[in-house]
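What follows is a set of notes on a single structure, which appears directly below.
Proteins get letters first, then strands, A, B, ... in listed order; numbering begins at 1 in each.
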Number of protein chains: 2
Amino acid sequence: MRHKSFKASLCPVARSLDTIGEWWSLLIVRDALVGIRRFSDFQKSLRLAKNVLSTRLKKLVACGIMQQVPASDGSAYWEYALTQKGWELFPVIVALGQWGGSYLFSRGEKRLLVLDKRTGKPFRVQLHNAKGEILTANDLELVTVTN
Amino acid sequence: MRHKSFKASLCPVARSLDTIGEWWSLLIVRDALVGIRRFSDFQKSLRLAKNVLSTRLKKLVACGIMQQVPASDGSAYWEYALTQKGWELFPVIVALGQWGGSYLFSRGEKRLLVLDKRTGKPFRVQLHNAKGEILTANDLELVTVTN
DNA sequence: CCGTATCCATTCCGATACTG
DNA sequence: CAGTATCGGAATGGATACGG
């Protein structure tokens, strides 16, 4: 057992990490978000071992984040596309990128950035309450609810 | 080497994961966000081995996400508090929780939820462009910039 | 109460060889 | 190109014992 499972945790954050917290998983999703679909392209982009990529893709498919679709070029292989559940990881990726971009790069270092296609400006991820007001971590309260 | 390091990656997401992608790290931050500060309280909440907690806290302190402060009860020990850098992981946590809450709980299951203290309603994390318009994953474009 | 040190089983990753 | 199979080394996480 690598670590205790969080599958039964009441905390959605813990369950999320249990599902996509493994090394590579979110990076595969990131690549998929920017259009990568083929096995070899993931491998080239991420430079991870093929067996590991294979395992991760299978797991992502199994938990409904990605799906296999017939290759668009007519070849006999699969392509891997995000499902709706996978696309909705976009805010997670952007939040991670925003934080990393702020704190993990030195001046003068190059970095990748995701931009709004139309305006050419960066995305920002922000927290809102139901009224659309922007909130900070000081405004939070923790409760238990039932679905 | 458990996996390749992303420390030198151009991608902020990869660097973020390199920093806080280990098991437990983000859950420790989550606990800290809701007010946990003491070693034993982290341990009780997370039920992880003490040596692992110790290692993680050290690493979080080393990379500037948490800081040790003298215990508020006058005892000889430390408490662990988030730095600004740590607080700014809040959107990451909320995004993960939002996704997990949407997709990883069955009907009737209890789950934890973070609410806006004043309104008692849930937070939401959303993506905006510079004009404040809400965006989706279809609007993205990838570029390289220099700090 | 707050950790550190040690030990062990697990498993995880990367490399490589191989198949269709 | 798209994987699968196998292997060895490394590192991790949990348990536990110990010490301040």
Side-chain angles (χ1 to χ4, degrees), chain A residues 1-9 14 17-28 31-32 35-63 66-81, chain B residues 1-9 14 17-32 35-63 66-81:
Chain A
M1 184 173 43
R2 175 150 112 266
H3 67 90
K4 289 175 180 150
S5 172
F6 308 133
K7 286 223 182 333
S9 170
L17 291 174
D18 211 71
T19 305
I20 43 138
E22 281 183 314
W23 295 113
W24 300 117
S25 294
L26 271 175
L27 293 177
I28 292 171
D31 275 3
I36 292 184
R37 300 170 63 88
R38 297 291 284 247
F39 189 92
S40 64
D41 292 329
F42 284 111
Q43 211 211 339
K44 262 178 276 184
S45 167
L46 298 168
R47 298 211 217 134
L48 78 176
K50 292 206 245 181
N51 54 352
V52 177
L53 176 57
S54 177
T55 305
R56 287 293 180 282
L57 285 172
K58 268 191 199 124
K59 199 173 290 191
L60 289 169
V61 169
C63 71
M66 302 190 81
Q67 57 190 316
Q68 289 177 301
V69 298
S72 49
D73 62 357
S75 63
Y77 306 119
W78 297 108
E79 294 184 355
Y80 298 87
Chain B
M1 185 173 42
R2 173 149 114 267
H3 66 92
K4 288 173 182 153
S5 171
F6 308 134
K7 287 222 181 332
S9 171
L17 291 174
D18 211 72
T19 305
I20 42 138
E22 281 182 313
W23 294 113
W24 300 115
S25 293
L26 271 175
L27 293 177
I28 292 171
V29 172
R30 173 207 63 178
D31 275 4
I36 292 183
R37 299 169 65 88
R38 296 292 284 247
F39 189 92
S40 62
D41 292 329
F42 284 112
Q43 211 210 339
K44 262 177 276 185
S45 167
L46 299 168
R47 298 209 217 136
L48 79 175
K50 293 207 246 181
N51 54 352
V52 178
L53 175 57
S54 176
T55 305
R56 286 293 180 283
L57 285 172
K58 268 192 199 123
K59 201 174 286 191
L60 289 169
V61 169
C63 72
M66 302 190 82
Q67 56 190 317
Q68 289 177 301
V69 299
S72 49
D73 62 357
S75 63
Y77 307 118
W78 297 109
E79 293 185 355
Y80 298 87

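Partners of Trp23(A) according to the ring-ring contact (aromatic ring centres under 6.0 Å, His included) rule, which considers only residues two or more places apart in sequence or in another chain, are His3(B). Annotation: side chain to side chain donor-acceptor pair (under 3.5 Å) contacts of Lys59(B) (sequence neighbours excluded): Glu22(B). The salt bridge (Lys or Arg N to Asp or Glu O under 4.0 Å) test applied to Lys44(A) returns Asp41(A), not counting sequence neighbours. Arg38(B) is linked by a salt bridge (Lys or Arg N to Asp or Glu O under 4.0 Å) to Asp73(B), Glu79(B), counting only residues two or more places apart in sequence or in another chain. Taking the side-chain contact (heavy atoms from CB on, under 4.5 Å) definition, one finds that Ser45(A) meets it with Arg30(A), Asp31(A), Ile36(A), sequence neighbours left out. Applying the side chain to side chain donor-acceptor pair (under 3.5 Å) criterion to Gln68(A), with sequence neighbours excluded, gives Tyr80(A).
With rounding to whole Å, Lys4(B) atom NZ is found 17 Å from dA10(D) atom P. Atom CD of Glu22(B) is separated from atom P of dC12(C) by 15 Å (rounded to the nearest Å). Atoms CG (Leu53(A)) and P (dA2(D)) sit 10 Å apart, rounded to a whole Å. Here dC1(D) presents its C1' atom at 15 Å from CD of Gln68(A), a figure rounded to the nearest Å. Across the protein-nucleic acid pair, Trp78(A) atom CH2 and dT4(D) atom C1' stand 17 Å apart, rounded to whole Å. Look at CZ on Arg37(B): it is 13 Å from P on dG3(C), rounded to the nearest Å. When the C1' atom of dT4(D) is taken as reference, atom NZ of Lys58(A) falls 7 Å away, rounded to whole Å. One can place CG of Asp73(A) at 12 Å from C1' of dA2(D), the figure rounded to the nearest angstrom.
The phosphate of dC1(C) has neither OP1 nor OP2 within less than 4.0 Å of any side-chain N or O from Ser75(B). Contact annotation: Arg56(B) reaches the phosphate of dG13(D) (side-chain N/O to OP1 or OP2, under 4.0 Å). Look at Tyr80(B) and you won't find any side-chain N or O under 4.0 angstrom from OP1 or OP2 of dC2(C). OP1 or OP2 of dG14(C) lies within a sub-4.0 Å distance of a side-chain N or O belonging to Trp24(A). Residue Arg38(B) places at least one side-chain N or O under 4.0 Å from the OP1 or OP2 atom of dC2(C).
A residue-by-residue look at Lys59(A) and Tyr77(A) shows that Lys59(A) has its nearest nucleotide of DNA chain C further toward the 5' end.
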(request) Report the secondary structure of DNA chain C in dot-bracket form, marking unpaired bases with a dot and bases paired to a different strand with |, and treating Watson-Crick or G-U pairs with both distances under 3.5 Å as paired. (result) |.||||||||||||||||||
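Across Leu48(A), Leu53(A), Leu27(A), a single residue satisfies side chain to side chain contact (heavy atoms under 4.5 Å, CB included) together with Phe42(A), and that is Leu53(A).
Residues from residues 39-51 of chain A with heavy atoms under 4.0 angstrom of DNA chain D, sorted by number: Phe39(A), Ser40(A), Lys50(A), Asn51(A).
Nearest heavy atoms, Lys7(B) versus Asp18(B): NZ-OD2, 2.6 Å.
Each side-chain hydrogen bond (donor to acceptor under 3.5 Å, both in side chains) pair with one or both residues in residues 47-56 of chain A, not counting sequence neighbours, would appear here, but there are none.
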